[in-house]
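Because the structure is a prediction, the values reported are computed rather than measured. First listed ligand is number 1; within each ligand, the first listed atom is number 1.
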Amino acid sequence: MAGSKVGTSAAARLRMVFLDAIVFAVIFAAASAAPAQTPVAHAQTNDQAWLSYTVGHERLAIPPPIPPSIHALGNSVLEQSAVREIQLGIAGTTVIAGAKAASAGETVIGTLDEVRAAFRGLQIPAHIAAHGFWLKRTLWRGRPLIIVAGSNDHGALFGAFDLLRRIATGADLTHLDAIEAPAMPIRWVDEWGNANGTVERGYGGRSIFFEGGKVRDDLNDVTTYARLLASVGINGCNVNNVNGAAPFLAPEMIKGLARIADAMRPWGVRLAISVDIASPQKVGGLKTFDPLDPDVKAWWAAKIDEIYQQIPDFAGVTVKADSEGQPGPASYGRSPADAANVLANALAPHGGVVLYRAFVYNNHLDYNDMKADRARAAYDIFHPLDGQFAPNVIVQIKYGPIDFQAEEPVSPLFAGLHKTSEAMELQVTQEYLGQQRHLVYLAPLWKEKLDFDLRAENRAAPVKEIIEGKSFNQPLGGMIGVSCIGRDGWLGAPMAMVNLYAFGRLAWNPNLSAEQIAAEWTKQTISTKPEVVATVDKMLLESWQTYVHYTGFLGTQTLTDITGSHYGPNIEASERNGWGQWHRDDPQGIGMDRSVATGTGFAGQYPPEVAKMYESAATTPDSLLLFFHHMPWTYKLHSGKTIIQYVYDIHYQGAEEAAQLGDEWATLKGKIDPQLYEDERARLEYQAGHAIVWRDAIVQYFLKETGIPDALGRAGHYPGRLEAEGARLTGYKIVDVTPWENASGGKIVTCDASPAQKTCSVEWTYAGKAGRFNITVQYLDLRGGAAHFALDVNGAVAATWAADALFPSNHAGDTSTRFTARGPDGRGIELKPGDVLRVEGAPDASDPAALDYIEIERDVSSAENSAAKVP
Ligand code: GCV
């Protein structure tokens, strides 16, 4: 139930009776000492996220109960955290109906050695891999005993969370006997926080770490975040942006960073930072930052020592160099290995690592050079350096060769480094995937990359095994999730939290399925009711491809504004500039020729079997066809459809699928937390509208470019749509939109507020058949004020609303949104021929109440319409 509080329901109070006095005291102390763990307003409040342990009013039963005397066998801080967490977790559960609550026995948390010493004679696993754990339920001297044993105290903490996950997802603990260990040692999130408190590509508010050029005074959120991270096995957090990192090595900042490390330490999450390779010059005042200069080497060694003096468990550094304007070793003719090794040598005595990003490319490529190809850059630069990196360097590779695209192939570099540890970098923050305004569950995309078999050396080499260090026998490796969280509920949207959860779970075990992870998350955060789990999981699992369907096609990458917000459509933004995210469309065809035979040769960077597949259009999967080949619009895909018809079909399909997400969510009304229900309902309604903006932009654009009609007659025809620029305008002026495809007909109307002109209006006379209709008004929610709108029919106000949302930019494709008016009974509005429809816009400050069109769509759900039959 909304408002349920941890430990305060009748059931939980009952449960408390069985806790012994000491345990009760500890729970009480824990709850009052840690504000982040205070009761939640509703089940999905983000400070608790999937750790609310309540899931609305459906408290879960524990079969069989956890012995309530919970204690650590050692003194480690992590073990104490584990104890408190289990106490908190089981306080939020109920005893299964009819079962006897546990009043005896114990639950112990410790390392394997501690367990061995405490329970002599008990059969205990001889060895568990680093950071792993053993969970066991048994009897000890006739009383129930639950053991949470870690290979070390980190493992014990991960084990405690795993036990709680099992309980929350309804696992039967009767025969509990499980051993788990993380698949890879590096499981970090990168935050991209700036010292001024902004977060690069963050859509969840300001940084929890920084404000006003320094570390924030209040770091409670940091501790809470570390708890969330630890609960899914994440063990490192790089807090600052990879761009502009120099200020983070200033002595005052290092003191602040030490406070952050202290705040995360109780949850075993180690601090890492991004460093600017030019810091010896920028911070240290040296004349050079040449990595091979002895003074530069000495500077780095001293700086790293300074960090370790204050942060003894400092995890290491991340480097972005020679990329997108960041300085790098190339300035001195040195290689990434030269730069990485200087840092690695400074970190090695302390056990730290260097994550050197392979995201190095020239962003001033020549569009007219048909051989130029940004996708080649990482392999071209890093493959020749294989074997030259120090053992504590890990090359951090984005999953695809371009940049976190909704659809692109796996980077060939994963198979191009056999003597170097590698990590896969992905984005939890949805930069190119809807920026948390669109529901996109990313685990299926990540799984596709992790499971992709690169066939290195003509043998099985799935990416996941390469980054685990298994394929080429490397000591390190892992996954990095760029999460960019902030103070607005971490990611700014409750449902987006599934991606943070999924990242941690996959970094722990990349063999988990996207389905399994979705179900786990849903049960812990929304509901355990099977019908709710089934609906939410179906929506999640469909959402990535739905997004791909309305934003891009066949491997062109998302056709977004790549030089601006990376959010709405802007098809030509990728073309004719140096950034190299080209799709090379023209009236005859589209796509980048990356074949070896006639193109840039990128396909040849893959191991032979994969290279062969991508070399030919016939064997390239349709989903990546235009990434690898330039094809005529009339080329027939494997489905038998031409490319251009596919473009039309998939965008109409995608927009329908987006609308269906809303319909599916509507079936959850009354079954889940009402606050979450309403929050997501509104988001999905917006998403369905924005999917139409995307659909229309792409379809209009390619219809005009190719001149090839849509076989189904939809492209360019919008039945029921009445353009603003074709209406009777009072005060409104017609304005051309750039790019034209982002407004219907390329034009909108805007109202220039002036003292004499408080409002403007657009008026149409309805000429269709009589019936009930949903009337949609497509308007632009521009920045600088909150314009107001009113829709009236024959002078009677049908709806009013405000344009008060904040979108990433002021471009039409980002701000175009819709309001659908229905009658007071929730049904369509009655219209008959001759009725006058009027939209009045009241500008506010610099928001000119811009309008694109209205769309009149028969309300097929209305009883009399279905009876009266539509013409
Ligand atoms: C940190 C993309 C993003 C940039 C980001 C860069 C990177 O280009 O748009 O904001 O910069 O990737 O990963 O370094």
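When ring centroids are compared, F414 and F472 stay outside the 6.0 Å threshold.
Across M479 and A507, no two heavy atoms sit closer than the pair SD-CA, 3.7 Å.
A salt bridge between E211 and R206 is present, with a side-chain N of the basic residue lying under 4.0 Å from a carboxylate O of the acidic one.
By the side chain to side chain donor-acceptor pair (under 3.5 Å) test, N392 is found to be paired with no residue, residues two or more places apart in sequence or in another chain being considered.
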Exercise answer, ligand 1 polar atom pairs (N/O) under 3.5 angstrom:
unit_1, atom_1, unit_2, atom_2, d
ligand 1, 8 (O), E324, OE2, 3.1
ligand 1, 8 (O), D403, OD2, 2.8
ligand 1, 9 (O), R201, NE, 3.0
ligand 1, 9 (O), R201, NH2, 3.1
ligand 1, 9 (O), E431, OE2, 2.5
ligand 1, 10 (O), E200, OE2, 2.3
ligand 1, 10 (O), R201, NE, 2.9
ligand 1, 11 (O), E200, OE2, 3.2
ligand 1, 11 (O), N243, ND2, 3.2
ligand 1, 11 (O), K320, NZ, 3.3
ligand 1, 12 (O), K398, NZ, 3.1
ligand 1, 13 (O), R357, NH2, 2.6
ligand 1, 13 (O), K398, NZ, 2.6
ligand 1, 14 (O), K320, NZ, 2.6
ligand 1, 14 (O), R357, NH1, 2.8
ligand 1, 14 (O), R357, NH2, 3.4

**Request:** Could you check H651 against H549 for ring pair (Phe, Tyr, Trp, His ring centres under 6.0 Å), going step by step and ending with a plain yes or no?
**Result:** CA-CA 6 Å; H651 287 88; H549 291 164; 8.7 Å; no

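Between the side chains of Q396 and E425, at least one donor N or O lies within less than 3.5 Å of an accepting N or O.
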